[in-house]
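First the proteins, then the strands, lettered A, B, ... as listed; each starts at 1. Remember, it's a predicted structure, so these values are computed and weren't measured experimentally.
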Amino acid sequence: MDDKFLKPYNSSATESRIYTAWEKSGLFNPDECVKRGFAKTDSPKYSIVLPPPNVTGRLHMGHALMLAVEDIFVRYKRMCGYRTLWTPGTDHAAIATQSVVEKQIKKEENKSRHDLGREELLKRIGVFANESHDTIVSQLKTMGASLDWSREAFTLDETRSRAVRTVFKRMYDAGLIYRGLRIVNWDPKGQTTISDDEIVYEERAAKLYTFRYSKDFPISIATTRPETKVGDVAVAVHPDDARYTAFVGKEYDAVFCDVPIHIKIVADKEVDPTFGTGAVGLTPAHSHVDWEIADRHLLSHEVIIINEYARMTVAGRLLDKKTTEAREVVIEWLKEEGLLEKTEDTVQNIATAERTSGIIEPLPKLQWWIEVNKPIPGRGKTLKELMLEPVRSGAIKIIPEYFEKTYFHWIENLRDWCISRQIWYGHRIPVWYRGEEISVGIEPAEAGWTQDEDTLDTWFSSGLWTFSTLGWPDDTDDFKNYHPTDLLETGYDILFFWVARMILMTEFTIGDIPFKTVYLHGMVRDAQGRKMSKSLGNNLDPLDITAKFGADAARMALVVGNTPGTDMRISEDKVKGYKHFSNKLWNIARFILENTVDTPQNHVGRTTSYMSDSDKKILSELDVLTKEITNDIDEYRIYLAAEKIYHYAWHELADKIIEESKPILAGSDVAAKESRAILLILLLTRVLKLLHPFMPFITEEIWQSMPTKDSEFLMVAPWPVVE
RNA sequence: GGGCGAUUAGCUCAGCUGGUAGAGCAACGAGUUUACACCUCGAAGGUCACAGGUUCGAGUCCUGUAUCGCCCACCA
């Protein structure tokens, strides 16, 4: 027996050594597995693409969970003999990364991006992104992720950029990408547009003011933003509201806080007659809803009164004031003029930017959009329909199933997707201008043309991830061999951001699904059930946890009992429990190896024919469990499979079988001894295999000390098949 | 306002297609027997939120109620 078993299991001394050995073997690469006979050329394939972590720093526990789950499926399938590919990569994460670096520069050098200029800022972000990348890669390895590093990708590298430009051009040519002046969510702090999904609503106390534009104006209106009223072009009332029908269609002029305004009274069923006065002042340029109502009544969109810095642009006393200051000025003016009728306290949901927490200012801007409701030429279906169909038909299965309802609900309410961003880090929009001419191309236009200044929403490139990582748009073997992928595993929080966009992009570009199954894990919370955050200081760092308890223990703690779609709580105590289990397993191996040394030379060769009926029965009980566990993994119940093998190893094998073996092994019945020794070796072998996907390091380490093994590495040893 | 989920042992949670409740942790009692104190053995702990219904039988299916949580929309 190996002397290493004389000491308690030491994860930190073992795990990095084992990972290096795996990497050196080349067996994370399916081509190598085929070459060495661990998979056949005609074996079925199994492919997963790693959801690319943002290069914004380091990984958190949510990533650790993701890696554990994906690695379990990958290792299981690899052992089952599939040509198994798990592709690694990272995401440039556009706005997230740029804002991290911008904050850093602001703090250290008190400079803005405009002080540095585009080129210099991109250089700095590049350096930061590289450092983050290296940190992330080493963290991925620490968790034991069996990724094929020879195929690593980055959303902003050359191949992926070409994929982005190619898809952009195809969508443009199909008439699905257009440039249009629309109200956007403008983030004055980040100085960029953001999508609807990047908005976070915050409840804040606010005041609702009721007033008239002027003394002779016939209708009172209510608003929380009086400063925007200088941009009003109309008052809308409900068509059935008897109080106001006499005024509908009339027009009035007024001077509101030094600003001349022209107001038309319109009737629109959007208006809630029970709210406020039942009449709403319309500011088309600074409100989504008002813009739409204005559209229906052919009202002007052009009265812009707030700029990109959230300052007023109207002449008079409001000029250049911040919107919040302007509000006070307007209230004062209303009071002086005797126009203010009522002030009430109310609670308002304020739209803020997820990344910068700046308050969103809706502004009309010329932006690039993807149209989701327009039939695609030659296919007759809209992008929306392309997103719905594969999930409806079952071609894509979402786990847990109830998220399919959420998915449908979201798609049905989907509006056009704004894909341009006024930031510099990302894929520059592949559009060039020369005077009135526009050119959209995969390669840069010739001299004399100027490229669009904006970049693409980061989800545009991640939407292509399943096929761009396989070398598309080139006609590669990888693309032919491994697409569509089998499993997409990610947190339910990005079902809309990402999963939906991948389906959209892949269905449009390839005419196929990107993946067959979507496995959604829940959020990882602290022991009290709170979200982990920097400000709360309750972050568990995966690196600390693995250093303390081992990656195997961390993986088990994240997986056991953690059903898909449900949030989970994690604490150091929980991980500690599985560190104890690591040591238990270690001692099981020690006992078995120590006590079977003198018995049959070649246990595998002699096998069950030398075993007693009662020992055979013990083996067949494990066969039943093997079947169950295999079935659980196949059905995505890894939270159960992990618990079952844990329970068997500790409470059956250790507590019962080993205990009752002690007198047998110490006794004088040679046949019984031999039978028992073979049994124990076979049970241990089986347990190591069943446990390997969950706890890869310790099982591999023990495997290396087994007297007989059917494969050089447990990682590629055949999964036990029970008839 | 619309949608989704949860409610099971002190705590965290399992319980797949209906067959008289399970795990881990905590707490309690005993123990140092040459695999392991990162251990062993033992005992304790639940009208499965509530009310109806379907069924020979319901934690599991149906209806309703209550409480909690999440997502979407965003009312000026």
A.B. asks: May I have the distance from A:Trp586 (atom CH2) to B:A37 (atom P), rounded to whole angstrom?
C.D. replies: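 Computing the A:Trp586:CH2 to B:A37:P distance gives 15 Å.
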A.B. asks: Whole Å only: how far is the CZ atom of A:Phe5 from the C1' atom of B:C36?
C.D. replies: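 That distance rounds to 13 Å.
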A.B. asks: NZ of A:Lys584 versus C1' of B:C36: gap in Å, rounded?
C.D. replies: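 Interatomic distance, NZ of A:Lys584 to C1' of B:C36: 5 Å.
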A.B. asks: Below the 4.0 Å mark, does B:C16 have OP1 or OP2 next to a side-chain nitrogen or oxygen of A:Arg637?
C.D. replies: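 False: A:Arg637 side-chain N/O out of range (4.0 Å or more) of B:C16 OP1/OP2.
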A.B. asks: Side-chain contact, heavy-atom cut-off 4.5 Å: A:Asp552 with A:Ser11?
C.D. replies: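 Result no, sub-4.5 Å side-chain heavy-atom pair not found.
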A.B. asks: Quick one: label A:Asp655 by what it contacts on the DNA or RNA (base, sugar-phosphate, nothing), any heavy atom closer than 4.0 Å.
C.D. replies: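 Counting heavy atoms under 4.0 Å across all strands, the contact made by A:Asp655 is with sugar-phosphate only.
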A.B. asks: With under 30° as parallel and over 60° as perpendicular, where do the rings of A:Tyr213 and A:Phe211 fit, or are they tilted in between?
C.D. replies: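 A:Tyr213 and A:Phe211: perpendicular rings.
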A.B. asks: What contact category does A:Arg525 fall into here, base, sugar-phosphate, or nothing, at under 4.0 angstrom with non-hydrogen atoms?
C.D. replies: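 Since no nucleic acid heavy atom lies under 4.0 Å of A:Arg525, the category is nothing.
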A.B. asks: Please tell me which of the listed nucleotides, B:U40, B:A73, B:C71, lies nearest to the side chain of A:Phe496?
C.D. replies: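 So the side chain of A:Phe496 is nearest to B:C71.
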A.B. asks: Determine whether a donor-acceptor pair (one donor, one acceptor, N or O, separation below 3.5 Å) exists between the side chain of A:Gln348 and the base of B:A76.
C.D. replies: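 By the distance-only test, no, there is no pair.
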A.B. asks: Please verify the inter-ring angle class for A:Tyr244 with A:Phe247; under 30° counts as parallel, over 60° as perpendicular, anything in between as tilted.
C.D. replies: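 Correct class here is tilted.
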A.B. asks: A:Thr566 side chain: which of B:A14, B:A35, B:A76 is closest?
C.D. replies: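 The closest nucleotide is B:A14.
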A.B. asks: Tabulate protein N/O versus nucleotide N/O from nucleotides 1-9 of chain B, keeping only pairs under 3.5 Å, one per line.
C.D. replies:
none

A.B. asks: What string of B, S and - do you get for nucleotides 21-34 of chain B, 5' to 3', if B is base contact, S is sugar-phosphate-only contact and - is no contact with any protein heavy atom under 4.0 Å?
C.D. replies: --SS----------
A.B. asks: Any side-chain N or O of A:Tyr201 less than 4.0 Å from the OP1 or OP2 oxygen of B:C74?
C.D. replies: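 Checking B:C74 against A:Tyr201, a side-chain N or O does come within under 4.0 Å of OP1 or OP2.
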A.B. asks: Main chain of A:Phe694, side chain of A:Arg555: is a donor-acceptor contact present, judged purely on distance under 3.5 Å?
C.D. replies: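 Yes.
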A.B. asks: Going by number, which of residues 276-298 of chain A have a non-hydrogen atom under 4.0 Å from RNA chain B?
C.D. replies: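 Going residue by residue through residues 276-298 of chain A, the ones with a heavy atom under 4.0 Å of RNA chain B turn out to be A:Val280, A:Val289.
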A.B. asks: Is the ring pair A:Tyr636/A:Tyr519 parallel, tilted or perpendicular, if the boundaries are 30 and 60 degrees?
C.D. replies: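 Correct class here is tilted.
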A.B. asks: Does A:Asn349 contact B:C74 through a side-chain donor or acceptor facing the base, at a distance under 3.5 Å?
C.D. replies: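 Flag set: donor-acceptor pair detected.
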A.B. asks: Taking the side chain as every heavy atom from C-beta outward, state whether A:Met568 and A:Met61 have any pair of such atoms under 4.5 Å apart.
C.D. replies: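 No. Closest side-chain heavy atoms not under 4.5 Å.
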A.B. asks: Classify the angle between the aromatic ring planes of A:Tyr646 and A:Phe581 as parallel (below 30°), tilted (30 to 60°) or perpendicular (above 60°).
C.D. replies: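 Answer is tilted, since the angle falls between 30° and 60°.
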A.B. asks: From B:C38, B:A35, B:A76, pick the nucleotide closest to the side chain of A:Lys579?
C.D. replies: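 Within the option list, the nearest is B:C38.
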A.B. asks: Which one, B:C36, B:U40, B:A14, comes nearest to the side chain of A:Asn583?
C.D. replies: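 Of the options given, the side chain of A:Asn583 lies nearest B:C36.
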A.B. asks: Quick one, A:Asp526 with A:Arg569, criterion salt bridge (charged side-chain N to carboxylate O under 4.0 Å, His left out). Give me CA distance, side-chain angles, the key distance, then yes/no.
C.D. replies: CA-CA 5 Å; A:Asp526 75 0; A:Arg569 301 178 183 206; over 6 Å; no
A.B. asks: Mind checking if A:Ala654 touches a base, just sugar-phosphate, or nothing, with heavy atoms under 4.0 Å?
C.D. replies: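 Answer is base: heavy atoms of A:Ala654 come under 4.0 Å of a base.
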